[in-house]
Amino acid sequence: MIHIVGAGPGDPELITVKGARYLAEADVVIYAGSLVNPSLLDFCREDAEIHNSAHMTLDEVVEVIARAETAGKVTVRLHTGDPAIYGAIQEQMDTWEKRGFEYDVVPGVSSFLGTAAALRQEYTLPGISQTVIITRNEGRTPVPEREKLRSLAAHHATMCIFLSIAMIEEVVAELVAGGYEETTPIAIVQRATWPEQKILRSTLASIAEQVKEEEIDRTAMIVVGDCLDTEYDLSKLYAPGFSHMFRDAKS
């Protein structure tokens, strides 16, 4: 059996109970060493076979798993955050299905949620934004034309931008060209939930210079939108004049 497990954003206590249990039971663990906190390996048995996929190709990963499957062993494929978001797991699952391997997926806390916790920020404020766009700037991996930052910026929703901090000047230019004002608030969180977590808050007009000054060039989430600094409507959920199936309205 193969378990794809989301490791969470960094803090080892943010892995799910099921994910930690699978790590403790695994005979073979393949983890994304460039991003996953190595402290998570403390959940593993001392005799577990550990592989760092940062140094492996897809074929090499599949070969390790194939050997484990042939031997009747349990494998955990440990991905950072939640594996469904920029986890490159689909190609792995498709390969395993062709070989008849059984697998399941354990979700994890994505870094965009770890970032919200670090910022102590709700992304969906009433009257401001009810939509969160998860995206990335185009780099070596192409982005469809309709999904480029310039197009998405037209929605003025809360945007969580992955894998793009090294291109912060281009990100800002695309967002402004798409309709965001230069005064729009923006936050950068590097290594959210890790001990060395770093937070920058600014506006689109000045964030690029701050990122350079702080030498942030990797492992950082970009959040942009008015939710970061604005007045907002109170939720109807707790309003005394709002009734729902669990509570009658109070005058």
Discussion item. Does anything in residues 126-135 form a side chain to side chain donor-acceptor pair (under 3.5 Å)? List the pairs, not counting sequence neighbours.
Written reply: S129-T158

Practice prompt. Would you list the pairs meeting ring pair (Phe, Tyr, Trp, His ring centres under 6.0 Å) in which at least one residue belongs to residues 166-206, sequence neighbours left out?
Written response: H156-Y180

Worksheet item: What pairs meet the ring pair (Phe, Tyr, Trp, His ring centres under 6.0 Å) rule with one or both residues in residues 25-50, with sequence neighbours excluded?
Response: none

Response to the item:
In short, salt bridge (charged side-chain N to carboxylate O under 4.0 Å, His left out) pairs touching residues 188-203 with sequence neighbours left out are R191-E196, K198-E214

Practice prompt. Could you tell me which residues satisfy side chain to side chain contact (heavy atoms under 4.5 Å, CB included) with A54, sequence neighbours excluded, listed by chain and number?
Written response: S34, N52

Practice prompt. Provide the full list of ring pair (Phe, Tyr, Trp, His ring centres under 6.0 Å) pairs with a residue in residues 118-140, sequence neighbours left out, each pair given once.
Written response: none

Fill in: salt bridge (charged side-chain N to carboxylate O under 4.0 Å, His left out) contacts touching residues 97-107 (sequence neighbours left out)
none

Discussion item. Please check this pair: side chain of T95 against backbone of E91, looking for a donor-acceptor N/O pair closer than 3.5 Å.
Written reply: yes

Worksheet item: Do M167 and I186 belong to the same hydrophobic cluster, where Ile, Leu, Val, Met, Phe, Trp and Tyr are linked whenever their side-chain heavy atoms lie under 4.5 Å apart, directly or via other members?
Response: no

Worksheet item: Does any non-hydrogen side-chain atom of D226 lie less than 4.5 Å from one of P185?
Response: yes

Practice prompt. Give every residue pair that meets the salt bridge (charged side-chain N to carboxylate O under 4.0 Å, His left out) criterion with at least one member in residues 126-142, sequence neighbours excluded.
Written response: E138-K148

Worksheet item: Other hydrophobic cluster members with L58, side-chain heavy atoms of Ile/Leu/Val/Met/Phe/Trp/Tyr under 4.5 Å, chained?
Response: I2, I4, V28, I30, M56, V61, V62, V64, I65, I89, M93, W96, F101, Y103, V105

Worksheet entry | side-chain hydrogen bond (donor to acceptor under 3.5 Å, both in side chains) against D42, all qualifying residues, sequence neighbours excluded | none

Discussion item. The criterion is side chain to side chain contact (heavy atoms under 4.5 Å, CB included); which residues satisfy it with V176, sequence neighbours excluded?
Written reply: V172, E182, L204

Fill in: salt bridge (charged side-chain N to carboxylate O under 4.0 Å, His left out) pairs, two or more places apart, involving residues 155-171
E169-K212

Item to complete: Examine the side chains of N37 and S39 and answer whether a donor and an acceptor come within less than 3.5 Å of each other.
Response: yes

Worksheet entry | Polar side-chain atom of T193 near backbone of D11 as donor-acceptor pair, under 3.5 Å | yes

Worksheet entry | I161 side, atom CD1; L175 side, atom CG - distance, nearest 0.5 Å | 4.5 Å

